[in-house]
Structures are given as C-alpha cells and as structure tokens.
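Bear in mind the structure is a predicted one, so any value in this text is a computation, not a measurement.
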Amino acid sequence: MRTGLVRGAVVLAMVLGLPALAQEGGNISLGVGTQKVINVPGIQRVAVGDAAVADVKTIGNNQLLIIGAAEGKTTLLLWKTSGQRVSYLVSVRRQDPNEIISEIKKLLGEIEGVNVRMVGDRIYLDGQAYTQADADRIDQVVGLYPNVKSFVKIAPNAKKLVAQNLNAAFQKAGLKNVQATVVGSTIFLEGSVESQQDLQKAELITKAIGEKVENLLVVGIKRMILSEVQFVEIRRQGTDRYGIKYPTDISGTATATINITKELFPGNFAQGDLSALARGSSQFAIGFQNNDGYGRLLAQPKLVCASGEKAEFLAGGEIPIPLITNNQFAVEFKPYGVILRLRPTADRNGNIQTEIEAEVSEVDQSVAVSTGGGASVPGFRTRKVKTNVTVRHGETIVLSGVFAHDEQKSVSKIPGLGHIPIIGELFKNRAFDSNKRELVIFVTPRIVNPDSDKIRTIIDDVKSRYKQARSEVSFGIFD
C-alpha cells in the first residue's frame, strides 16, 4: 500500500512538472477523530494520497490542520513558494481506550455519581446525575466521542436535594420567608421578600446552585387571607306516646308500732297501743301525646392570617379531666366548643390552598365515667373534619355534610289481654322516639388587605352591634 501511494505521489509530481525527488518531512501520527497542526512556512499547494484516511486543511500560509478520519497510512505532499517539495508519512491509528477514558474523566471533572467503564471495545457512562447542569455537561462530553455511549439518568431525588440546599442557603442568607418546593420536575421559589435587594440576593443564590427554577417570589409583606367558616347543625327530636298504660307495677311502704305499759302495783291491768300504716303507689296513664323538639346551631368563626402561616380559633372553654395513677394525681384541661385550625396559602393566580381542621364539641354527661370518691369524667359529643382543599378567591366549598337519624320503638302491654286482636289495643301502650341531626360545614377563603371592602364591612357591622348592645344595657324609660 505504501509503494502505491509513493508511486501516486511521483506521478502527481511529474504531472505538475516538479522534480520527482522530495525532502522527507517526517512522520505524523494521530488517532481517529483527533487533530494536529503543523507549521510549514511558505505553503503553496497541498496533496494527500488517501483523503479517506486523513483530511488536510490549510490555515493561512504557514499552518496545516490534519484530521485523522480512519485507521491507515497515507502520504502528504507540500509545495512551497521556493519550489521545494516536502513529503510526510501520516499514520492514523485507533485511539487507545484507556486514553479516551482518561480524557473523559478529566472533562467531567468532579461530577459525582457517574462511572466510566469499558465493555469489550466500547466505552459506557452510567450512574446518576444530581443536577441538570451535570447532565448537560455529560451530554456535551459524550458528543465529542462517537464510540462512547451514555446511560446516565437524573436521580429521582435530585430536585428534592437541590430544593433542600436552596432552603438552607436562603435561611443562612436571612431570607426566612423564601421557600423552594418541587412540583413534578420543576423547582418553584415561593414566598415573599422585603425589598428588591433581597429579591436579587435570592436570584444570585439560585444561580450559584446551578439549577433552573421558576421564581414566584413577591416583593413586600405576605398577603393576608380571610377564612370564613360556617358550622350549620339542625336537630329534631320527636317523642310520641299512644295507648293506655296500666298500673301493673305497685310499690309502697308499710310500718307498724306496738307500745305496752304496766303499773308497778298489782291489781291494774296492762295497757297497750297498737298502730299500723301502709302506703302504696302506682302509675296510670291514658291518652295520646306527640312531643317535638327543634334545635339549631350556627357558628360563624372568621379568622385572618398571613399566607402560609398557621392560625387557631377557639370559642368555648376547657373542662378539667383528672388523671389519677397510683403515685400521682394530675389534671388535664380538655378544650371544647367551636375549634378551628387552618393554614391557607395563596398563589399569584388567586388560588388558595387551605389545610383546615374544624371541630364542634360539647360536654355530654350521659356518657360520664365515675372514677370513685365522687369524681366523674364527662364525655363529649364531637363533630369534626380535617381536610385539605383548594379554591379560588371568594369561592365557597362544603367540607363535610353528615345526616344522622336514630329511631326507637317500645311497646308495653298487660300479659294476655294485650295480645287480643282489636280489644288488646285498650291494654297496651306504644312509645316512639326519634332523633335527627344534620351538620354541614362551609369555608370561604378570601385574599384581603386592611382596605378591602370585606374587612371594612366586618368592622362596621361589629361597631353597629356594639352600639346597639350599649343602648340596650343603658337606662331606658320603657324598661
């Protein structure tokens, strides 16, 4: 092959009318896909024997760029302006895999979680990239080597780690109201900063981490959210009695006393006094009776808090609960009434996400437990809900709706007579008891500020009711 290339060069020299003898320029060795630049002053023309092995380009009048295209050897001829001809032997070989691995590791630098290994005659990259910047750099490095493949993927928890690092950096920089959260594959910056300088500081910290984020920060104080919660409970109790209730059970008391006296002197008879008393009672009822009872509970707590902050509301009281052990006696206070705990968070689009826990409870002595010594622990009748909802500004949503209906029936009759058809109705009594309860909880969040119409309306309403109450408790001639 080398003899053929030399002959081709000689024929080319004869055609160009140049001397067949040429100066030996030396050997040029490079790998496939690599480049080399040589300096030759006064270059006039260039010829290469096999362009498939090496590609030669002129860079100005004094430099040549040689690119290794495929494995093999070829001859490079140069003609100078002085008429001198220079010949080079170009050898292109496959690059050593160990050299490629060494180059890749140097280009990757200190990227963690990525391994470079060789399987057969191929080089592979595998592992996990912890940031998007590392993944982009790996793709760029792999693009320089056609025979290198990458199986590197972004770690599933990479975004969470980046968010944790950002939050730690924000806290260290004094940006306590800035929070980095991950939604899907995107990191969002939420919260508020006090000035434009703090906003620039947050952006610089984000750039230093080297991750792309969506900035939703608000300059200024946090937005205030008014949460209006309504507890609506309707109760109905019915007690119906039909028939005749006879005195089948008789209860009473009986007492007796005896008093005997005798004179000390003989001749007189003894005198005695005997008395007895008996009393009894029973119950007899006849007629028809319908008793209906109605009740309504309406509680409307209204609470204002900053976006993203927790707030609690209690309208009721606390009842002491004794805690008795063998060596200790303590008292714990249990709150009851209308209890509201919430944490609303508003975004820029007017959506309000609210974590809410609402409870309506009251003391129920019917399920009290006696602890001995005259002390008792009462029970509680409780209706509560705990959920997380998202609504737009001013929209109302039903958190829960519960309907309960309890019915009871009891029949009392005289044995034998009460079982006779038709006539037996005169010797029996029926009792029907029913209880219906319905509870619905509504919540309406609104984004407000001190100048909002809703806040002004609430303030004016409270002031007017206060004035009305003041006039009612003052002296009046029509009292």
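- Pro344 is not listed as a side-chain neighbour of Ser307, based on a closest heavy-atom distance of 4.5 Å or more.
- The backbone N or O of Ala306 sits nowhere less than 3.5 Å from a side-chain atom of Glu309 that would complete a donor-acceptor pair.
- With sequence neighbours excluded, no residue satisfies salt bridge (Lys or Arg N to Asp or Glu O under 4.0 Å) with Asp139.
- Arg383 pairs with exactly one of Glu438, Glu359, Glu362 by the salt bridge (Lys or Arg N to Asp or Glu O under 4.0 Å) rule, that one being Glu362.
- Residue Asn388 holds its CG atom at 6.0 Å from OG1 of Thr390, rounded to the nearest 0.5 Å.
- Using a 4.5 Å cut-off on side-chain heavy atoms (C-beta onward), Pro445 and Val391 make contact.
- Residues passing the salt bridge (Lys or Arg N to Asp or Glu O under 4.0 Å) test with Asp433, sequence neighbours excluded: Arg241.
- Residues forming a side chain to side chain donor-acceptor pair (under 3.5 Å) with Gln200 (at least two apart in sequence, or on another chain): none.
- The side chain to side chain donor-acceptor pair (under 3.5 Å) test applied to Gln196 returns no partner, not counting sequence neighbours.
- Thr75 has its side chain out of reach of Val48: every pair of non-hydrogen atoms, C-beta onward, lies at least 4.5 Å apart.
- Distance check: Thr354 OG1 to Arg343 CZ gives 11.5 Å after rounding to the nearest 0.5 Å.
- Contact of the Ser434 side chain with the Gln408 side chain is not registered, since no non-hydrogen atoms from C-beta on lie closer than 4.5 Å.
- Residues satisfying the side chain to side chain contact (heavy atoms under 4.5 Å, CB included) test with Lys409, not counting sequence neighbours, are Val411, Phe432.
- Interatomic distance, Glu103 CD to Leu108 CG, rounded to the nearest 0.5 Å: 11.5 Å.
- Listed by chain and number, the residues in a salt bridge (Lys or Arg N to Asp or Glu O under 4.0 Å) with Asp460 amount to none (sequence neighbours excluded).
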Anything under 3.5 Å between a donor and an acceptor, one on a side chain of residues 224-231, the other on a protein residue two or more places apart or in another chain? List them.
{"from": "Glu228", "atom 1": "OE1", "to": "Arg446", "atom 2": "NH1", "distance (Å)": "2.1"}

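- Within the structure, the salt bridge (charged side-chain N to carboxylate O under 4.0 Å, His left out) test picks out the following pairs touching residues 330-342 (sequence neighbours left out): Glu312-Arg341, Arg341-Glu357.
- For the pair Val360 and Tyr336, the minimum side-chain heavy-atom distance is 4.5 Å or more.
- Counting only N and O atoms by type, the side chains of Thr396 and Thr444 include a donor and acceptor under 3.5 Å apart.
- Under the rule for a side chain to side chain donor-acceptor pair (under 3.5 Å), Asn115 has no partner lying at least two apart in sequence or in another chain.
- The salt bridge (Lys or Arg N to Asp or Glu O under 4.0 Å) test applied to Glu318 returns no partner, not counting sequence neighbours.
- Distance check: Glu190 CD to Asn215 CG gives 10.5 Å after rounding to the nearest 0.5 Å.
- By the 4.0 Å N-to-carboxylate-O rule, Glu407 lies too far from Lys436 to be salt-bridged with it.
- Inter-residue side-chain proximity for Ile352 and Thr345 is flagged as unmet; no heavy-atom pair is nearer than 4.5 Å.
- In this structure, Gln365 places its CD atom where more than 12 heavy-atom neighbours from other residues, nucleotides or ligands lie under 6.0 Å away.
- For Phe380, there are no ring-ring contact (aromatic ring centres under 6.0 Å, His included) partners two or more places apart in sequence or in a different chain.
- Here the CG-CD1 distance, from Leu340 to Ile441, works out to 9.5 Å after rounding to the nearest 0.5 Å.
- Annotation: ring-ring contact (aromatic ring centres under 6.0 Å, His included) contacts of Phe333 (sequence neighbours excluded): none.
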